[in-house]
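Note that ligands are numbered from 1 as they come in the structure, with each ligand's atoms numbered from 1 the same way. Note that the structure is a prediction, hence the values are computed from the model and not measured.
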Amino acid sequence: MATTKNKKRVLTGDRPTGPLHLGHYFGSLINRIKLQNKGYQCFIIIADYQVLTDRLDTNEIEKNIVEIVKDYLAVGLDPEKTTFFIQSKIPELAELTTIFSMLVSFNRVARNPTVKEEVSSMGLKNNLSLGMFSYPVSQAADILLFNPDIVPVGEDQLPHIELAREIARKFNATYKRIFNVPRPILGDVPRLLGLDGSEKMSKSRGNAIFLSESPDQIREKIMAAKTDSEREVRYDPVAKPEISNLIDLFRLVRGCSRQTIVSLYQGKGYKEFKIDLAETIINFLRPIQERRGAITEDMVREILKQGNNKAKIEAEKMMANVFKAMKMDYGLEKP
Ligand code: TRP
């Protein structure tokens, strides 16, 4: 289609480790929906190999892929505009990873702060797989194989995008200029903390509210969310990080300013604040959950089949360019 030719391209992705939560919604899904609706050509990679970096158990992956696609569709990502595909179904990604691993030094990969953080928080130090160490190289292939202009990500992913940019430049300078050097973009919402006040909302820390969470579970989780021993609803992320985070969550689901929330709860205690917050979250998620309820597993499988096919076509084209640029297209039939 000639009309899609000049459209800017966006690529981003997720690890299918569990259902998506409010941190994903405000941190990245909103951004993706915006880009999609502005007419960007969007690709979302479901990075199943990347799940193996910190666990070898594969029993949950398939279920998690289905759930994550249901979440995408429920929040308004549209398979007509956004291509969802599975990393392991595109073998060209593994080929490009092999090539990229020659274009970057061991020491450069070892300096990645995000990987260092993950290794230390998971206590993997003496048991670090080679794949975990080098997954940013594989992620560079995820990105560059699709030649995106923009890669929307969370802040923790910036070191990976920087590595991808370096690899693109290195390839272009060594062989031929075929890779775009893509630009990362960050969402405009600060990272939501977990309900326990810990650094990040995440499934593995058990401190998240899932998009598919039931009203009762939401009430229970919000009432149990950590606060401080004062009773004043005041925004002060340094002195009162937990309540400040809940104020942020509140203004996001209510679609208003921090100040509005703070004034509404002036002179009222945390309990009243939390009761209202829980109901506001429930109302916010209701239409998303209704849409989710109408999506069947068969629909998801069909969407993934089509997405994989579309991604595969792009991948084959790009990989042919790569081999040609490297003068390694020997053995391929010339057109
Ligand atoms: N590492 C990303 C995360 O954990 C997931 C991911 C895999 C990704 N491949 C990608 C993100 C390519 C952006 C682009 O969230």
Side-chain angles (χ1 to χ4, degrees), residues 9-21 23-32 35-36 40-55 61 64-65 68-69 71-72 77 82-90 92-94 96-97 100 109 112-119 121-122 124 129 131-168 179-187 191-192 199-205 208 307-308 311 314-315 318:
R9 187 176 283 183
V10 172
L11 181 134
T12 187
D14 297 292
R15 297 182 188 191
T17 51
L20 299 178
H21 52 66
H24 291 118
Y25 185 85
F26 292 109
S28 74
L29 294 171
I30 276 201
N31 218 354
R32 296 177 190 182
L35 291 164
Q36 167 197 277
Y40 286 86
Q41 208 188 348
C42 297
F43 285 80
I44 295 183
I45 182 168
I46 302 172
D48 55 346
Y49 281 138
Q50 231 180 71
V51 175
L52 305 179
T53 56
D54 66 13
R55 73 204 76 178
I61 298 179
N64 286 336
I65 290 174
I68 214 172
V69 174
D71 284 333
Y72 291 153
L77 289 168
T82 295
T83 303
F84 310 113
F85 66 99
I86 300 174
Q87 188 182 33
S88 67
K89 297 297 169 235
I90 310 295
E92 287 78 5
L93 287 169
L96 193 58
T97 301
F100 282 178
V109 178
N112 189 301
T114 298
V115 177
K116 279 192 197 162
E117 210 282 313
E118 288 166 338
V119 169
S121 76
M122 290 182 293
L124 291 175
S129 71
M132 169 80 187
F133 172 79
S134 66
Y135 87 79
V137 180
S138 149
Q139 188 163 329
D142 296 346
I143 296 169
L144 297 176
L145 187 61
F146 296 90
N147 240 344
D149 302 282
I150 297 172
V151 188
V153 284
E155 217 174 334
D156 60 322
Q157 299 293 304
L158 289 178
H160 302 346
I161 314 301
E162 191 46 44
L163 183 75
R165 289 164 56 85
E166 283 175 35
I167 291 175
F179 288 111
N180 253 330
V181 181
R183 210 160 44 81
I185 53 166
L186 295 174
R191 166 148 92 190
L192 284 177
E199 202 185 322
K200 185 178 172 184
M201 190 178 275
S202 79
K203 179 188 156 80
S204 57
R205 296 172 203 233
N308 288 340
E314 296 294 323
M318 193 62 187

- Query: With a cut-off of 4.0 Å, which atoms of ligand 1 are near a heavy atom of Leu11?
  - Reply: 12 (C), 14 (C)
- State the atoms of ligand 1, each with its element, that fall below the 4.0 Å cut-off from a heavy-atom position in Ala47. 7 (C)
- Query: atom 9 (N) of ligand 1: which of Asp142, Ile46, Leu93 has the nearest heavy atom?
  - Reply: Asp142
- A student comparing His160, Gln87, Gln139 should find that the heavy atom closest to atom 10 (C) of ligand 1 comes from Gln139
- Message: Gln50 versus ligand 1: do any nitrogen or oxygen atoms come within less than 3.5 Å of each other?
- Response: yes
- Task: Would you please test Arg55 and Thr17 for side chain to side chain contact (heavy atoms under 4.5 Å, CB included) and show each step?
- Result: CA-CA 10 Å; Arg55 73 204 76 178; Thr17 51; 3.5 Å; yes
Minimum-distance protein heavy atom relative to [atom]:
atom	result
atom 13 (C) of ligand 1	Gly13 N, 3.5 Å
atom 3 (C) of ligand 1	Gln157 NE2, 3.6 Å
atom 4 (O) of ligand 1	Arg15 NE, 3.3 Å

- How far does CD1 of Ile167 sit from OG1 of Thr97, to the nearest 0.5 angstrom? 9.0 Å
- Task: Taking all heavy atoms of Asn308 and all of Ile90, pick out the closest pair and write down the distance.
- Result: O-CD1, 3.7 Å
- Message: If I compare all heavy atoms of Gly13 with all of Arg32, which pair ends up nearest, and what's the gap?
- Response: O-NH2, 3.6 Å
- Assess whether side chain to side chain contact (heavy atoms under 4.5 Å, CB included) is satisfied between Tyr49 and Leu93, documenting all intermediate values. CA-CA 11 Å; Tyr49 281 138; Leu93 287 169; over 6 Å; no
- Short N-O contact, Glu118 and Arg15, less than 4.0 angstrom: yes
